[in-house]
2 protein chains.
Amino acid sequence: MMDYNQPTKNFQKEVAEQCIRYLSIDGVIFGFHQNQLNVLLLRWKGTNEWCLPGGFIRKTESVDEAAERVMQERTGLNELFLQQFHVFGAVVRYDQDAVWRKINLNVDADSWSERTISIGYYALVEHSKVVPTPDFLTEECRWWPLDEVPGLLFDHNHIIEVATRALRRQLNDQPISHLLPESFTIPELQRLHETILGHPLDARNFYKKMMASGTLERLTERRAGTPHKAPYLYRFTRSESQA
Amino acid sequence: MMDYNQPTKNFQKEVAEQCIRYLSIDGVIFGFHQNQLNVLLLRWKGTNEWCLPGGFIRKTESVDEAAERVMQERTGLNELFLQQFHVFGAVVRYDQDAVWRKINLNVDADSWSERTISIGYYALVEHSKVVPTPDFLTEECRWWPLDEVPGLLFDHNHIIEVATRALRRQLNDQPISHLLPESFTIPELQRLHETILGHPLDARNFYKKMMASGTLERLTERRAGTPHKAPYLYRFTRSESQA
DNA sequence: TTATCTTTACGTCAAAAGTACGTAAAGGTG
DNA sequence: CACCTTTACGTACTTTTGACGTAAAGATAA
């Protein structure tokens, strides 16, 4: 069992034994809530410093499995849509000394302060279903609106930027369904697209385009409780591979 | 200096000391010749087995630099268009025993038969400028037409497939210029597009589309020596980021 | 009760992009 | 020099995209 009084030491030992050195996973977990894109961040133990969820790859698991495991642990979700989007492989990715100081880590220079190559994954999840769960190096896990994300540890702001660009590109190719609940209204879907693309869309044209795409199925129910005309609920027809 | 009588042993030692274990680069170098897409392959020393160019990442270089170095060594080119396209991270990527037998390698089980995660890059190069150069594990380096590629070592056939799909996707987004010489005719460009896409295009419509793209500049010369009407030469106006 | 306002769920129309196909001129070959 | 292929255009039609119109639904205010 992990000795939580000496987490760092044990962690280093575990990584060295079970995991592939130099190589890690960083995950950008996107959620959509109150018409905003959110990402799940972790606060480092005993500090006010935030970072992305991540982890090392065990020698016995595939890279995809490692990403899935890490994301599952932080979200409590069994299934999630995951996409590999970039390898961050610069020799100096960030100011290591500055980061070690920020997180009060006394580093064993031989084993821990070496460069790390990181494989970036993004996940699209249903915001309301996530149970944010810190890992043993962090003491808080919560959603941050994408445009309020603070200065993060490591090069994690940069990773979020690249992930966001990749997500935007994906939106052009295929419908993005995993960020919304099973059923949703067209205006809600429009807000999602607007948020990802970063600019407003014409409601009439958006409606037309979605109808023409053939990926949506109208339900008989409508969304009640709105101050105006009750919109129909829709769901994606999960035929092909979708996001 | 490398001892070429004991290449494998020294290679293993070098890798262990200078390079990042478990992690390698695999490169799919595309060229275009005689209306066919070609890839550069290497024949393993003393065998009739072919594989992709590749190599390990040195501790002192970035992943991109490693890819560039490996590709430069195999092609003799200083500048080449490189694109990271996928990480191959399965625990078992191919039948290791079978491969070791094929290449007559006696493997030190502790250090060399471990899994390797590979970062896939593809390169687009001007076919005629390449000087195919084997590395010290191989004794032949040459172009293979994409549709005549034999069964390769490791999972390299799979990697080529994924790279080809990525290249096809890229063609939709941006013009692909690096596969052609500085100046070329529209029909030559059309053959390239047809080859990448895998289906014929209408010459009239292709011409119109290319003219409308605004990325081409017509030269005053024409291509002489053709049995028919001499076509104009064009070149890409290298304004934005192009492939 | 009824006018008003916002939102939804459609529709219209024109510009732009994509697709099918026509053709004259260029440059060989028999 | 007739003939054939290829280039370098052009025309016409269809599909997609984008700007904008509007009636019905549902709440709120007078």
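Note on naming: letters A, B, ... go to the chains in the order of the sequence lines (proteins, then strands), and numbering restarts at 1 for each one.
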Does A:E79 CD have over 12 foreign heavy atoms under 6.0 Å away?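 Result for CD/A:E79: open.
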Can you tell me how far [atom2] of [N] sits from [atom1] of [X], to the nearest Å?
| X | N | atom1 | atom2 | result |
| --- | --- | --- | --- | --- |
| A:H199 | D:dA19 | NE2 | P | 11 Å |
| A:R223 | D:dA27 | CZ | P | 15 Å |
| A:N35 | C:dT7 | CG | P | 12 Å |
| A:I186 | D:dA25 | CD1 | P | 19 Å |
| B:M211 | D:dA8 | CE | C1' | 9 Å |
| A:F206 | C:dA9 | CZ | C1' | 14 Å |
| B:F184 | D:dT7 | CZ | C1' | 16 Å |
| B:N172 | C:dA17 | CG | C1' | 15 Å |

Is B:Y207 close enough to D:dC9 that one of its side-chain N or O atoms is under 4.0 Å from OP1 or OP2 there?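 For B:Y207, the contact criterion (side-chain N or O under 4.0 Å from OP1 or OP2 of D:dC9) is met.
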Hey, does the side-chain of [X] have a donor or acceptor N/O within less than 3.5 Å of a partner on the base of [N]?
| X | N | result |
| --- | --- | --- |
| B:R204 | C:dG22 | yes |
| B:K229 | D:dT6 | no |
| B:K208 | C:dT19 | yes |

Identify, between A:T185 and A:D202, the residue whose nearest nucleotide on DNA chain C lies closer to the 5' end.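 Upstream on the strand: A:T185.
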Closest to the A:R218 side chain, choosing from D:dC20, D:dT7, C:dC10: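 In terms of side-chain proximity for A:R218, the closest of D:dC20, D:dT7, C:dC10 is C:dC10.
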Using the side-chain heavy atoms of B:N205, tell me which of these nucleotides is nearest: C:dC21, D:dT7, C:dG11.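 Looking only at heavy atoms from C-beta outward on B:N205, the closest nucleotide is C:dC21.
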With DNA chain D as reference, determine whether A:T226 or B:L233 sits nearer its 5' end, using the nearest nucleotide of each.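 Per heavy-atom nearest nucleotide, the more 5' residue is B:L233.
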Quick one: on DNA chain D, does A:H228 or A:K209 contact a more 5' nucleotide (nearest heavy atom)?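 Looking at DNA chain D, the more 5' nearest nucleotide goes with A:K209.
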When rounded to the nearest 0.5 angstrom, what is the spacing between CD in B:E217 and CG in B:L233?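 Reported to 0.5 Å precision, the distance equals 12.0 Å.
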Nearest-0.5 Å distance, CD1 of residue B:I186 to CZ of residue B:R223: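 Here the rounded value is 12.0 Å.
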Kindly indicate whether the side chain of A:L179, heavy atoms from C-beta on, has any atom under 4.5 Å from the side chain of A:L37.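 In short, these two side chains touch, coming nearer than 4.5 Å.
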Salt-bridge contact A:R191-A:E194 (side-chain N to carboxylate O under 4.0 Å):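 Salt bridge present between A:R191 and A:E194.
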